[in-house]
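Working notes, beginning with the structure itself.
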Amino acid sequence: MTNKLFIYNTLSRQKEEFIPLHENFVGMYVCGPTVYSDVHLGNCRTFISFDLIYRYLLHLGFKVRYVRNITDAGHLEGDRDEGDDKFAKKAKLEQVEPMEIVQKYTLGFHNVMGAFNTLPPSIEPTATGHIIEQQEMIQHIIKNGYAYEVNGSVYFDVEKYIKEYPYGQLTNRNLEDLLANTRELDGQDEKHGPLDFALWINAKPEHLMRWSSPWGVGFPGWHIECSAMSSKYLGDTFDIHGGGMDLQATHHTNEIAQSQACNHKSPVKYWMHTNMLTVNGVRMSKSAGNGFDPDELFTGNHPLLDKGYSPMAVRFFMMQTHYRSTLDFSNEALTASEKGYRKLMSSMELFDKIKTSATTTSDIATLKKNCYDAMNDDFNTAVLLANLFEGVRIINSVYAGTETITEQDLETLVNLFQDFVIDVLGLQPEGSSDNSISDGLMNLILSIRADVKAKKDFATSDKIRDSLKQLNISVKDEKDGKTSWSFE
RNA sequence: GGUCGCGUGGCCGAGCGGUUAGGCAGAGGUCUGCAAAACCUCGUACAGCAGUUCAAAUCUGCUCGCGACCUCCA
């Protein structure tokens with residue numbers, strides 16, 4: 001439909017027209033979570049952003065293969081207190097199995113993603129499930145001369161690579177800058193150069209996750225899984241690779257190097273990076289201790305939270321900001337989003353009740369065009385929402401009788417909201433009840449209230465309304481004498 | 001220190017050379033038995049200084065403040 005889609009490509013630092021490598025097909029890889037602890041909101045933001053991108057690509061009619069990995073190897077060690085060998089001395093059965101941790105947090109991650117109404121990826125590969133592929137890729141890189149083995153570990157030879165290929169394109173860094181910022185890290189004497197990074201790491205005795213390999217028992221390095229799995233499922237070159245901005249400088253830079261060294265091809269056409277979530281201006285992160293997990297957010301059970309916020313209110317909150325901007329969390333902002341979200345959703349409930357006319361007083365076609373223009377401009381959901389709120393105004397005005405709409409325009413508007421609010425933004429109604437008992441009870445109560453109101457017994461009718469309010473049920477008298485109700 | 005980015009009205013947050021962002025909060029009004037909701041009207045904001053231009057929040061330079069990455073982290 002309509003115009004061209006433009007995507008901001010980190011490689012070129014500008015918006016580029018999106019032209020898939022294979023017409024009508026899109027391959028997209030997103031770096032997923034490391035499942036050794038609960039996801040926090042900042043993680044969620046990235047995945048929700050890419051969910052939006054995935055949804056819009058689907059909406060445009062592309063056949064998308066969306067791959068998002070689960071990192072369940074490489075970072076996991078049985079000994080949380082390194083240097084202290086008390087854990088190593090414990091019987092193995094006393095320790096938690098690494099895969100137990102993986103299972104627990106993978107399930108938790110999926111639950112949270114479900115709560116946020118994200119679509120599952122097409123493929124969700126795990127690092128532990130692709131050890132062979134990673135080893136094969138490493139062997140290939142060694143064969144091509146860009147990696148070397150030392151004491152059972154394999155390192156990528158950045159200084160050799162950098163002579164033949166651009167290395168720091170994602171961050172605009174040159175060799176001198178990179179070298180100037182290298183730090184002396186202990187225990188890294190094995191590396192030939194300070195920029196070299198591990199492809200395969202020799203496992204210490206206490207390391208629980210370990211696999212045999214041509215270089216001895218060990219585990220894969222931190223970047224190789226994404227290269228191996230993306231090329232396996234999407235090919236040596238694919239359309240979109242995404243992830244959080246914090247992965248740009250190291251993880252993604254090294255992914256490019258690995259793939260180039262292996263296949264002599266640049267792996268990705270469009271690199272996309274989402275910005276961070278901050279709390280009171282500081283990045284939310286595990287180490288900063290200012291991260292709360294989604295459950296705490298939903299329940300309000302956290303010192304930073306005044307109250308709980310529903311998943312959809314949070315999703316709306318994120319959609320009000322462009323994915324490349326930092327998003328600063330505050331209770332005030334969340335509360336504002338909660339109200340905006342409800343306003344948006346409640347206007348959609350009016351569609352069935354709207355009466356059509358012979359003419360339309362607002363320009364629905366332009367509104368629709370503006371929505372597509374916004375999304376085609378690098379997925380600008382903030383502008384999209386601004387346009388949708390113009391639609392909300394129109395709906396409410398028609399319902400109130402101050403504007404009119406034709407049947408055809410109404411249909412356009414209904415489809416527009418279905419497409420963008422539900423399908424693309426991924427917002428869904430919540431808190432509504434289709435419980436027939438509560439519906440029946442409410443009809444009964446409201447009919448009694450209507451009776452006493454007819455007798456001008458306002459004391460009683462207000463008592464009913466106030467009491468229902470206590471139960472978080474709001475009652476609204478509308479101008480045609482009807483009364484509507486909804487859960488707060 | 002290096003690389004990149006940001007500073008917009010009470011709050012959040014788009015815009016990036018000329019025309020309304022939008023949401024929330026606030027003020028007034030319409031409607032209503034009263035509420036609520038909705039609708040209408042209202043703020044004339046772009047860190048500071050200088051420059052380019054007929055025209056700058058939007059471009060350039062400098063200053064100040066903030067952040068990200070450079071170390072596992074989306």
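First the proteins, then the strands, lettered A, B, ... as listed; each starts at 1.
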(request) If B/A47 has a Watson-Crick or G-U wobble mate with both distances under 3.5 Å, name it; if not, just say none. (result)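 B/A47 is paired with B/U63.
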(request) Could you let me know what B/C34 is paired to, Watson-Crick or G-U wobble, both distances under 3.5 Å, or none if it's on its own? (result)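 No nucleotide pairs with B/C34.
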Pair [X] + [Y], salt bridge at N-O below 4.0 Å:
| X | Y | answer |
| --- | --- | --- |
| A/Glu338 | A/Lys307 | yes |
| A/Lys104 | A/Asp38 | no |
| A/Arg465 | A/Asp462 | yes |

(request) Check the geometry between A/Phe458 and B/G33 and answer yes if their rings are stacked (centres below 5.5 Å, planes below 30°), otherwise no. (result)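 Stacking is present between B/G33 and A/Phe458, given that their ring centres fall under 5.5 Å apart and the planes under 30°.
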Would you mind telling me which of [options] lies closest to the side-chain atoms of [X]?
| X | options | result |
| --- | --- | --- |
| A/Ala382 | B/A38, B/G13, B/A74 | B/G13 |
| A/Phe47 | B/A38, B/A74, B/A14 | B/A74 |
| A/Arg13 | B/A74, B/C4, B/G13 | B/C4 |
| A/Phe317 | B/C39, B/A74, B/C12 | B/C12 |

(request) Using a heavy-atom cut-off of under 4.0 Å over every strand shown, decide if A/Gly42 touches base, sugar-phosphate, or nothing. (result)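 Base contact.
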Ignoring hydrogens and angles, are the base of [N] and the side chain of [X] linked by a donor-acceptor pair under 3.5 Å?
| X | N | answer |
| --- | --- | --- |
| A/Arg465 | B/A35 | yes |
| A/Asn43 | B/C73 | no |
| A/Asp462 | B/G33 | yes |

(request) Take atom P in B/U60 and the same atom in B/C4, then report the distance between them in whole Å. (result)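 The answer is 14 Å between these two P atoms.
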(request) Can you tell me, in whole Å, how much space there is between the C1' of B/U8 and that of B/C16? (result) 12 Å
(request) Would you kindly compare A/Ala249 and A/Met276 by the position of their nearest RNA chain B nucleotide and give the one closer to the 5′ end? (result)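 Closer to the 5' end of RNA chain B: A/Ala249.
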(message) Judged by each residue's nearest nucleotide on RNA chain B, which is more toward the 5′ side, A/Lys456 or A/Ala336?
(response) A/Ala336
(message) Assess, by modelled atom type and distance only, whether the side chains of A/Glu225 and A/Thr71 contain a donor and an acceptor separated by less than 3.5 Å.
(response) yes
(request) Could you tell me whether the phosphate oxygens of B/A25, OP1 or OP2, come under 4.0 Å of any side-chain nitrogen or oxygen in A/Lys339? (result)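 Yes.
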